Amino acid sequence: MNKTITPYNDEQATKKEQVADMFNNISKTYDFLNHFMSLGIDIIWRKKAINELKKDQPKLILDVATGTGDFAFEALKILHPEKIIGVDISRGMLDIAEQKIQKRGLGHKFEVKLGDSEKLPFDDGGFDAVTVAYGVRNFENLETGLADIQRVLKPGGKAVVLEFSKPKVFPVKQLYNFYFNYITPGIGKIFSKDARAYSYLPESVAAFPDGKNFIALMDKVGFKNTKHRPLAFGICSIYTGIK
């Protein structure tokens, strides 16, 4: 079993509580640092993940670990669903998302709720699709979270998960490890008031069961037709499964 990686060395707080605190701390600089550190490539990866749902034409989408809402806004543009509901454990991130929703006049199309991704505050079988972008590695119990995503999907509904993975090809692996372990924490230290958050990022990716291991977990909780699609030589991966 992988060791649980937490943002802070706080034995009194659960991983869930620490992740919420971390995102509250970095919420104001999160969007800027995300795009800056990925050189904007994260936007391309998001579009690729959203395109996995194009032929399904979902009407009601749940975006788990929605953060500041960027993935959901992109999904609104590409998929034109009737509604997206975003859920996140961090009030600070949701405050930014709500400001964006108001500014763009999208309150009728996109709403956000404070909630635990492992105990989603929704009835069984309500959503046509569930998306998670860069959020599953922060789950305290990954299997529980995946099972709850499966629970809230309608029969035949699709889950799409976008997450960092570990490239295995030379020299991508070496460059990626150097960037993630040395450059990312350095940039985070300069621009964010919570430098530890950007050291946690490479640690959480290193501990995450990516590729076939993640697919095995999806299969275990009941997903069918599970698929794994590596992007950019395995820096990132898209996982899909049907209920």
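Numbering of residues begins at 1 and proceeds along the displayed sequence. The figures here come from the full heavy-atom set of this structure, side chains too, leaving out hydrogens, waters and symmetry mates. Treat the numbers as computed from the prediction; the structure is a model and nothing was measured.
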Distance, nearest 0.5 Å, that separates OH of Y182 from CD1 of I187: 15.0 Å
Partner of F223 under side-chain contact (heavy atoms from CB on, under 4.5 Å), chosen from I215, L153, T240: L153
Exercise: do D70 and Y30 side chains pair donor with acceptor under 3.5 Å: no
Test item: D56 side-chain N/O and P58 main-chain N/O as donor-acceptor pair under 3.5 Å: no
Single-linkage hydrophobic cluster, 4.5 Å side-chain cutoff, I78 and I41 together: yes
Single-linkage hydrophobic cluster L120~M218, side-chain heavy atoms < 4.5 angstrom: yes
Spatial distance of atom CG (L231) from atom CD1 (I238) [nearest 0.5 Å]: 4.5 Å
L142 side chain reached by P209 side chain, heavy atoms, under 4.5 Å: yes
Minimal non-hydrogen separation, L146 against F139, with atom names: N-CE2, 4.4 Å
Over 12 foreign heavy atoms within 6.0 Å of CG, D123: no
N-O pairing of D128 and K59 below 4.0 Å: no
Check: N225 main-chain N/O paired with K227 side-chain donor or acceptor under 3.5 Å: no
Separation of E143 CD from K220 NZ (nearest 0.5 Å): 3.5 Å
Straight-line distance of D21 CG to I26 CD1, nearest 0.5 Å: 11.5 Å
Distance-minimising heavy-atom pair for Y239 and G211: OH-N, 2.8 Å
Test log, rule side chain to side chain contact (heavy atoms under 4.5 Å, CB included), inputs T66 and L94: CA-CA 8 Å; T66 197; L94 291 180; 3.7 Å; yes
I84 side chain reached by F71 side chain, heavy atoms, under 4.5 Å: no
Donor-acceptor contact below 3.5 Å, side chain K109 vs main chain F73: no
Nearest heavy atoms of V64 and S117, plus distance in Å: CG1-CB, 3.4 Å
Cationic N near anionic O, under 4.0 Å, E52 to R229: yes
E163 vs Y134, side chain to side chain contact (heavy atoms under 4.5 Å, CB included): CA-CA, chis, key distance, verdict: CA-CA 5 Å; E163 190 50 271; Y134 308 116; 3.9 Å; yes
K166 atom NZ, neighbour heavy-atom count above 12 within 6.0 Å: yes
Exam field: side chain E74 to backbone I43, donor-acceptor pair closer than 3.5 Å: no
Between CG on residue D63 and CD1 on residue I50, distance to nearest 0.5 Å: 8.5 Å
Residues K16, I89; criterion side chain to side chain contact (heavy atoms under 4.5 Å, CB included); working and verdict: CA-CA 8 Å; K16 209 177 298 257; I89 204 169; 3.0 Å; yes
Salt-bridge criterion met for R91 and E98 (N-O under 4.0 Å): yes
Closest heavy-atom pair and its distance - V160, A49: CG1-O, 3.5 Å
Same apolar cluster (I L V M F W Y, side chains within < 4.5 Å links), I235/I44: no
Gap separating the CE atom of M93 from the CG atom of D88, nearest 0.5 angstrom: 6.0 Å
Greater than 12 external heavy atoms within 6.0 Å of Q57's CD: no
Side-chain heavy-atom pair K54, L79 within 4.5 angstrom cut-off: yes
Beyond-backbone contact of V205 with Y176, side-chain heavy atoms, under 4.5 angstrom: yes
Over all atoms of both residues, closest heavy-atom pair of F110 and A72: CZ-CB, 3.4 Å
Side chains of V161 and F214 in contact at under 4.5 Å (non-hydrogen atoms): yes
F127 with I242, same ILVMFWY side-chain cluster at under 4.5 Å: no
Side-chain donor/acceptor of T184 to backbone N/O of Y179, under 3.5 Å: yes
Check: D148 side chain, T144 main-chain N or O, donor-acceptor pair, under 3.5 Å: no
Test item: R151 side-chain N/O and F122 main-chain N/O as donor-acceptor pair under 3.5 Å: yes
Criterion side chain to side chain contact (heavy atoms under 4.5 Å, CB included) on F208 and N213, from CA distance to verdict: CA-CA 9 Å; F208 181 71; N213 294 324; over 6 Å; no
Backbone of L53 reached by a side-chain donor or acceptor of K158 within 3.5 Å: no
Contact summary for P202 and N181, nearest pair of heavy atoms: CB-OD1, 3.6 Å
